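Since the structure comes first, as structure tokens, the remarks are kept for the end.
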Amino acid sequence: MRLILLGAPASGKGTQAAVLSGQFGVPQISTGDMLRAATKAGTPLGKQAAALMNEGKLVPDAVVIGLVEERISLPDAEKGFILDGFPRTVPQADALSGLLAAGGAPLDKVVQIDVSRELLMERATLRRTDIRTGHIYHLKYSPPPLDAVLEHRADDQPETVEKRLDQYDAMTAALLPHYEELGLLRRVDGVGSPREITGRILAALDH
Ligand code: AMP
């Protein structure tokens, strides 16, 4: 299963990618998680990325393409992967096609998780991560336990979320017609419980 999950920030890509990764036994590859790990580790790449991420800007294509190229060449990605947050631009999509064609392993599907902008704002600004477990909570819909050690992502502040959503509309939305033309795109309503949305994605993968 070689799958891309497309969707705006806070559309539920990460949550669904983790579930699908478990179900299909293939790794979840999240460029956002990889960049946050580099930032925490204080690597030069992490420092460069943090400044852009905190402003709600995209990290340069060459950087994320390099990360994905390295990651999908690891043995655990041989049987497939769930890409979450990549590609985000047309050059990234082109680079991915090139990498997959070179390995003779084409994409199976591209699933877009659809959520209204109003709900995305609410989800992102009330999203919290438990820094010990990585579990993602929502202060209203999925409240954390009392002993959780919570972090509010710097790029989930309201002004930054606005910028990230604009960025998604401007650049990433151009990927939709690209994958539509290839007959790979499936759209799924992203409003509902995580379990409901997983069900919709699995149904969409059958068509
Ligand atoms: P995410 O966790 O997917 O929402 O990504 C968080 C941030 O990481 C984004 O707002 C970007 O600054 C950066 N980022 C993650 N993936 C990419 C990508 N494919 N291309 C460019 N920037 C990215």
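In each ligand, atom 1 is the first atom listed, and ligand 1 is the first ligand listed. This is a predicted model, so every value here is computed, not measured.
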Notebook entry, point to check: Below 3.5 angstrom, do we get any N/O pair linking K13 and ligand 1?
Noted result: no

Check: Quick one: do R88 and D61 make a salt bridge, cutoff under 4.0 Å?
Finding: no

Next item on the list: Please state whether Q167 comes within less than 4.0 angstrom of ligand 1, counting heavy atoms only.
Entry: no

Check: Identify the closest protein heavy atom to atom 16 (N) of ligand 1: which residue and atom is it, and at what distance?
Finding: T31 OG1, 2.8 Å

Next item on the list: Give a yes or no on whether a salt bridge exists between K57 and D155, defined as a side-chain N under 4.0 angstrom from a carboxylate O.
Entry: no

Next item on the list: Give the ring-plane orientation class for H135 versus Y137, where under 30° counts as parallel, over 60° as perpendicular and anything between as tilted.
Entry: tilted

Item checked: Protein heavy atom at shortest distance from atom 22 (N) of ligand 1 -> V59 N, 3.0 Å

Next item on the list: Please identify which atoms of ligand 1 are closer than 4.0 Å to at least one heavy atom of R36.
Entry: 2 (O), 6 (C)

Check: Side chain or backbone of D155 under 4.0 Å from ligand 1, or both, or neither, by non-hydrogen atoms?
Finding: side chain

Notebook entry, point to check: Under 4.0 Å between a Lys/Arg side-chain N and an Asp/Glu carboxylate O for E162 and R117?
Noted result: yes

Notebook entry, point to check: Between R153 and ligand 1, which part of the residue brings a heavy atom under 4.0 Å of the ligand: side chain, backbone, both or neither?
Noted result: side chain

Next item on the list: May I ask you to identify the nearest protein heavy atom to atom 13 (C) of ligand 1, giving residue, atom name and distance to one decimal place in Å?
Entry: L35 CD1, 3.6 Å

Item checked: Protein heavy-atom partner closest to atom 15 (C) of ligand 1 - residue, atom, separation in Å -> R88 NH1, 3.4 Å

Item checked: Heavy atom of the protein closest to atom 20 (N) of ligand 1 (residue, atom name, distance) -> Q92 NE2, 2.9 Å

Next item on the list: Using a strict 4.0 Å threshold on nitrogen-to-oxygen distance, state whether K163 and D166 make a salt bridge.
Entry: no

Next item on the list: Within a distance under 4.0 Å of any heavy atom of G32, pick out the atoms of ligand 1 and give their elements.
Entry: 2 (O), 5 (O), 15 (C), 16 (N)

Note to self: Between E180 and R187, does any side-chain N to carboxylate O distance fall below 4.0 Å?
What the structure shows: yes

Item checked: Candidate with minimal heavy-atom separation from atom 11 (C) of ligand 1, of M171, R164, K57 -> K57

Checklist line | Note, I4 side chain near V111 side chain (heavy atom, < 4.5 Å) | finding: no

Notebook entry, point to check: Among all protein non-hydrogen atoms, which one is nearest to atom 7 (C) of ligand 1, and what is the separation to 0.1 Å?
Noted result: M53 CE, 3.8 Å

Checklist line | Distance-only N or O hit between ligand 1 and G85, under 3.5 Å | finding: yes

